[in-house]
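First comes the structure, then the notes that go with it.
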Amino acid sequence: MASTTEKPPILDIPDEDYGDISTATMLDLYYYIRLAREMELRLINLFKQNKVVGGLYPGYAHEATTVGTALALGDDDVLLPLHRDLGAQLARRQPLKYIFAQYMGKVDSPTRGKDGNVHLANPELNIVGCISHIGAMFPVAVGISYAGRLLGKTVVTMTYTGDGGTSIGEFHEALNFAAVLNVPFILVVENNQFAYSTPTNQQYKVKRIADRAAAYGIAGEQVDGNNAMAVYAATRRAVERGRRGEGPTLLECMTMRMMGHSVHDPAGYVPRELLEEWKAKDPVARIERYLLRKRVLTPADVKDWTARLQREVDEAVEFAENSPLPQAEDAARGVWAEEGPAKSLH
Amino acid sequence: MASTTEKPPILDIPDEDYGDISTATMLDLYYYIRLAREMELRLINLFKQNKVVGGLYPGYAHEATTVGTALALGDDDVLLPLHRDLGAQLARRQPLKYIFAQYMGKVDSPTRGKDGNVHLANPELNIVGCISHIGAMFPVAVGISYAGRLLGKTVVTMTYTGDGGTSIGEFHEALNFAAVLNVPFILVVENNQFAYSTPTNQQYKVKRIADRAAAYGIAGEQVDGNNAMAVYAATRRAVERGRRGEGPTLLECMTMRMMGHSVHDPAGYVPRELLEEWKAKDPVARIERYLLRKRVLTPADVKDWTARLQREVDEAVEFAENSPLPQAEDAARGVWAEEGPAKSLH
Amino acid sequence: MPTTTYIDAISEGLREEMRRDSTVVCLGEDIGVYGGAFKVTDGFIEEFGAARVLDTPLAESSIVGMAIGMALRGLRPVAEMQFADFISMAFNQLVNNAGTLHYRFGFKVPMVVRCPSGGGIHGGPFHSTNPEGFFFHSPGLKIVAPSTAYDAKGLIKGAIRDDNPVLFMEHKFLYRRVRDDIPEGDFAVPLGQALVRRPGKDVTLVGYGSTTGMSLEAAKILAEEGIDAEVVDLRTLVPMDLETVIASVKKTNRVVITHEDRRRGGIGAEISAEISENAVDYLDAPVVRVAALDTPVPFSPPLEEYFLPSAAKIATAARRVARY
Amino acid sequence: MPTTTYIDAISEGLREEMRRDSTVVCLGEDIGVYGGAFKVTDGFIEEFGAARVLDTPLAESSIVGMAIGMALRGLRPVAEMQFADFISMAFNQLVNNAGTLHYRFGFKVPMVVRCPSGGGIHGGPFHSTNPEGFFFHSPGLKIVAPSTAYDAKGLIKGAIRDDNPVLFMEHKFLYRRVRDDIPEGDFAVPLGQALVRRPGKDVTLVGYGSTTGMSLEAAKILAEEGIDAEVVDLRTLVPMDLETVIASVKKTNRVVITHEDRRRGGIGAEISAEISENAVDYLDAPVVRVAALDTPVPFSPPLEEYFLPSAAKIATAARRVARY
Ligand SMILES: Cc1ncc(C[n+]2csc(CCOP(=O)(O)OP(=O)(O)O)c2C)c(N)n1
Ligand SMILES: Cc1ncc(C[n+]2csc(CCOP(=O)(O)OP(=O)(O)O)c2C)c(N)n1
Ligand SMILES: [Mg+2]
Ligand SMILES: [Mg+2]
């Protein structure tokens, strides 16, 4: 597919052939994309109220990519999301309340306050949380897929990187391992055109990151990352390739970081026009207009959903606010598996 | 250029256009290639006599690549050779006696016995020795070239990797840095078809490593690594690109490891036929036949050279044998620059 | 109130060195146009240009590898790790490459790696660590860790002028909480000199970086209880000024060793071992360490507080030792 | 002469575990067709197939990263570093990823990284190191270091059965120089238990790996001089059996700590610090360490010999302590 930066802006999801996507899936896309958006906005609010502990790296306007990719996985597949991928966590059914509890450092988060913000796992849901060091999860994902093979199961693994993260050595190592071992591994590049303050022309000189797939003899695809239908369809193709034993895929989703790198960052280095151009391509509005046009949704539905989402977010925030902070002494416990719980993916 | 493995074996250096290569250069190629060969054979002998300390990783049959590449550099350029590149050290005028002294752990080697075998530097000659960890020298080479730019000088840097070493993350990182910074950096891939026991089809799934250049937006070239003329010509093109400000080059030289990974390794995993096929392409015999055909050499010359080379090797070995072992207490000295000499490249 | 913060002192020192010596060059992620995640190089790209204040792609191993190459070829690079934690990506380059080039080949490798380190800011396991303990075990790498704004400026200059690879541990918690009046004019703090920050006769509190301030605070508390603590600030960790430490222990006969890095295999163990080897007869009490727990740095505030050393914990240890 | 070498004991233990448990899987460079650089997995690919004895491309960070993933998804991977030195490439994966996954998320990470380590074979700076000191400082990683063939077999089994990431330090110099008669049948040495290899009353010599044999040799020399040394072999470095060490020191009142890893910030420092904190009143002499120099491992034989610990150096230190 063509780079979205080469074409005139597509303000709506075009009527292309996205393959056989059921109405239920379209509604799931819509639901999780909107939920991710509402959650992000609430997190930003909570941050301003000093209720968020630590930093906040908004995935705002990345929802079509994060949700569209994660929804294409099956339950036995494994998701390893990165720092802008709360949408993927939600699509994987990570409970919203856990996310808020995590951001507030509360004991009822899956890390019991030991880790923060996006470093969220859920062994029951086959979600592995990332470490901050970009690149580290790539070979881990390859190993999970490979384990699946030895255990007689096709386990597709999917992990993420930003455009900046593609400069790290493990991008190369893991894609090469996956190619040689021919495992069903999907590396999603969320190309949001900046790595913190660094624009892509200072990060790489190749035209499209997806073209790097050729350097490993694997499939590569570039897709409009603000078009949830296209993202989902492309990811499903990648998943199916993996299930058919055709190995890994490098999937580049073109999007734009509409806020600062973190809430602290005013992002003065981003050209105004770029933001305006991409504002028109907002992924939430686009999927909504598309589903209205396709009569999957009615304007009345949209209103109902809005109320429902507000309620869900309110409840989750309430849960998190009521959850206690962890006991101080718990800091000293849990380094070793002997201390329990000693969970696994399944 | 086409992969040598695709064509029927070329038993002689073909009469292609290698550009403007002077007779003096051809003779230099011949001299250093033969010197490297004689040195390797003597090292193997010394190893059998238990006079070599530590391991020995023969660069036998890699001479056209190691010498052909290194000879294309200028004095201000910087060479960072790897573990099969003694030929490159020689072409850079690293004194032969130092190499023998180094292998015997003697005090008159440039490392004064502190490091061994191929880990040989020479600040005066702008040679930086490698560490064993494959990949580590790549970004160092990029940094040296970049320093040249800041100091107002074009410093071409050249370093090496085997086919196996291309799997390491820093292959990707350094090529990408060099591309983005557009520095004159040449990465020579000595593709000898095995990484220790691992054949290339278990190392990568791309057809040619040189094609990976496209993943960085840089120049890539594959060349017959046993054809000294072709290697020299390709390297000169790369050097000139660098000097013209056209950035880095990935240069893949196709060759074959004719001995074990190290002298300890009987290499039973290498198919016999492969060795026979490549024996016919021996780089020493080929350059010799070529120069005789071109009347750059006469049969009488060859005989004279043989005697001269023997003498040179004998003298160097004698020097090394007579050099004392280092003083034990010297082990404790020299970690800090304050202890001297504190040298630099120039 | 003193005027220069710890972080501004680093900026000033760095800027002055870049003005003084055109071979001093900065590189790292987002240090140019953005001025660095903590703004240490804010304004540098305007003054020195994009070539000398180099925004790199995201890859620490190659940032450090490049710095090594630059140092070999006549520059004095100062590489920034966006957070000290990410130095783990460059571990091999530092330990095996930078640290051995002089011993093996006689090359000087004048380079500095700036490491914004330390906890107390709720950064969680990967934005809060103190990685000096790993590199302390490795030959050929100097390590400095200022505790005051004066030292932050003096030591960054000392580090840049040094001909060896130097890890500069700048503590994020101190960035804007610690200030000094810094004298006009050029000065560098030489590497390898500890300082007695507070003389005392009953117990030695030896630490560096963030625990120096904690120890001074503990000393105040202890003074009220009649315990007169001597506070030794190491400032440089490699090479370490053990003479000053041991002289203090020989005077007070009691010692508490402190650091914010984890306890097991930390720098405090080495200090303790050196004391036991060289001053065991002077000891009137166990040698006690106050350091972080041997766990990842936990995220949630009560956990992190429990994890970290503090003035109160140092005072408790000092009491135990003083009353032994 | 005892029949099983240290290296064969590792092979046997590994093979038996692969037979016993189909989730045990090996991966690394040249371990399959070639059987490993040291032939530890010789014949494995024939018995277990190429999928369970996986020849990987050359990239240690991804070998370890893959092993983490395999462990998360129900396998018990055993990754081989071709030489322990190359573990520096996987530093980040081990320290920040493997070591924190249980603390943060409750995952078990049952994996072993085999590290052919140590000097004395003229391997030079990058084929001779003992990297345990770096990882000792990091939470969440167990470390074992057998000194006998019996322990080599028992500890590889114990490590494979453990639900945590374990670094298995196998000493190359001992590979074919150390032998045992190993009992038939399945046995595993549990992690975390030190052993008194030789009881004695005058001085404790505590070490692990290659220095255990040196200490036993030193004890013989010392016995002839009337000094009765107790030799403690740590066997597991994390978690460390400090009780056994401290009980011995309380008995002998004198201690020499030994390891082949470098001295500064090495494991010996921690042992010394623990003794000083918990048994200072029992000490009748300085706590002395015998370890490698704080330099790269030099290549040439006289330099390497000077660099390394030895029975003679341990005996000298023990004399100093015994006669203090
Ligand atoms: C190895 C490593 N180095 C540095 C960082 C600090 N850091 C966090 S996010 C980031 C920018 C990442 O950019 P990109 O990959 O494009 O992802 P984006 O934030 O744009 O989604 C940086 C430098 C890190 N997390 N890991
Ligand atoms: C990071 C790292 N891992 C492992 C090794 C051990 N090792 C040395 S050479 C080698 C094979 C290299 O193969 P290749 O790159 O093809 O070079 P060749 O030896 O064939 O010239 C290996 C595995 C190493 N030196 N560095
Ligand atoms: Mg980005
Ligand atoms: Mg090879």
Side-chain angles (χ1 to χ4, degrees), chain C residues 60-61 85-96 99-100 103-104 124-126 129 131 133-140 238 240 255 257 261-281 283-289 293-296 298-299 324, chain D residues 60-61 85-96 99-100 103-104 124-126 129 131 133-140 238 240 255 257 261-281 283-289 293-296 298-299 324:
Chain C
E60 286 75 10
S61 183
D85 312 68
F86 302 130
I87 202 170
S88 56
M89 312 291 287
F91 180 80
N92 183 57
Q93 285 290 359
L94 286 164
V95 165
N96 287 313
T100 71
Y103 187 76
R104 300 188 301 132
F126 311 114
T129 59
F134 294 117
F135 297 99
F136 182 76
H137 183 48
S138 198
V238 179
M240 191 182 283
V255 59
I257 303 163
D261 192 5
R262 284 179 274 252
R263 174 185 171 96
R264 187 178 62 229
I267 291 172
E270 181 70 21
I271 300 171
S272 173
E274 286 289 336
I275 292 169
S276 291
E277 180 146 0
N278 297 300
V280 76
D281 295 335
L283 288 175
D284 288 342
V287 179
V288 172
R289 288 174 291 162
L293 297 181
D294 288 316
T295 70
F299 171 74
Y324 188 79
Chain D
E60 286 74 13
S61 184
D85 313 68
F86 302 130
I87 202 171
S88 56
M89 312 292 287
F91 180 81
N92 183 56
Q93 285 288 359
L94 286 163
V95 165
N96 287 314
T100 70
Y103 187 76
R104 300 188 300 132
F126 311 113
T129 59
F134 293 118
F135 297 100
F136 183 78
H137 183 49
S138 197
V238 179
M240 192 181 283
V255 59
I257 303 164
D261 192 6
R262 284 178 275 250
R263 175 186 170 96
R264 187 178 61 228
I267 291 173
E270 181 71 21
I271 300 171
S272 174
E274 286 288 337
I275 293 169
S276 290
E277 178 145 1
N278 297 300
V280 75
D281 295 334
L283 289 175
D284 288 342
V287 178
V288 172
R289 289 175 290 162
L293 298 181
D294 288 316
T295 69
F299 171 74
Y324 187 80

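Just so we're on the same page: letters track the sequence lines, and every chain starts at 1.
Ranked by heavy-atom pairs under 4.5 Å with chain C, the first of D:Asp261, D:Ile267, D:Thr129 is D:Asp261. Ranked by heavy-atom pairs under 4.5 Å with chain D, the list C:Ile257, C:Thr100, C:Asp85 is led by C:Thr100. Among the candidates C:Arg289, C:Gln93, C:Met89, the residue making the largest number of heavy-atom pairs closer than 4.5 Å to chain D is C:Arg289. Looking only at heavy-atom pairs under 4.5 Å with chain D, the residue among C:Gly124, C:Gly99, C:Gly265 that has the most is C:Gly265.
Residue C:Asn278 does not touch chain D at all, counting heavy-atom pairs closer than 4.5 Å. Of the two parts of C:Ala285, only the backbone, made up of N, CA, C and O, holds a non-hydrogen atom closer than 4.5 Å to a non-hydrogen atom of chain D. Using a 4.5 Å cut-off between heavy atoms, C:Ser138 touches chain D through backbone and side chain atoms alike. With a 4.5 Å cut-off on non-hydrogen atoms, D:Tyr103 touches chain C through its side chain but not through its backbone. Neither the backbone nor the side chain of D:Ala90 comes within less than 4.5 Å of any heavy atom in chain C.
No hydrogens or angles considered: nothing links the side chains of D:His137 and C:Asp294 as a donor-acceptor pair under 3.5 Å.
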*Could you walk me through whether C:Ile87 and D:Phe91 pass the side chain to side chain contact (heavy atoms under 4.5 Å, CB included) check?*
CA-CA 10 Å; C:Ile87 202 170; D:Phe91 180 81; over 6 Å; no
*Stepwise side chain to side chain contact (heavy atoms under 4.5 Å, CB included) test for C:Val280 and D:Leu283*: CA-CA 8 Å; C:Val280 76; D:Leu283 289 175; 4.2 Å; yes
_Set out, in order, the CA-CA distance, both residues' side-chain angles and the distance that settles side chain to side chain contact (heavy atoms under 4.5 Å, CB included) for D:Phe86 and C:Asn92, then state yes or no._
CA-CA 9 Å; D:Phe86 302 130; C:Asn92 183 57; over 6 Å; no
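Checked against salt bridge (charged side-chain N to carboxylate O under 4.0 Å, His left out), C:Arg263 has the following partners two or more places apart in sequence or in another chain: D:Glu274, D:Glu277. Partners of C:Arg264 according to the salt bridge (charged side-chain N to carboxylate O under 4.0 Å, His left out) rule, which considers only residues two or more places apart in sequence or in another chain, do not exist here.
Considering D:Asn96, D:Val95, D:Leu94 in turn, D:Asn96 is the only one that fulfils the side-chain contact (heavy atoms from CB on, under 4.5 Å) rule with C:Ser88.
Taking each heavy atom of C:Pro296 and D:Pro139 in turn, the nearest pair found is N-CG, 3.7 Å.
In this structure, the separation between OG on D:Ser276 and CD1 on C:Ile271 is 12.5 Å, given to the nearest 0.5 Å. Between the CZ atom in D:Phe134 and the CZ atom in C:Phe135 there is a gap of 8.5 Å [rounded to 0.5 Å].
Listed for the D:Glu270 side chain is no donor-acceptor partner under 3.5 Å among the backbone atoms of C:Ala269.
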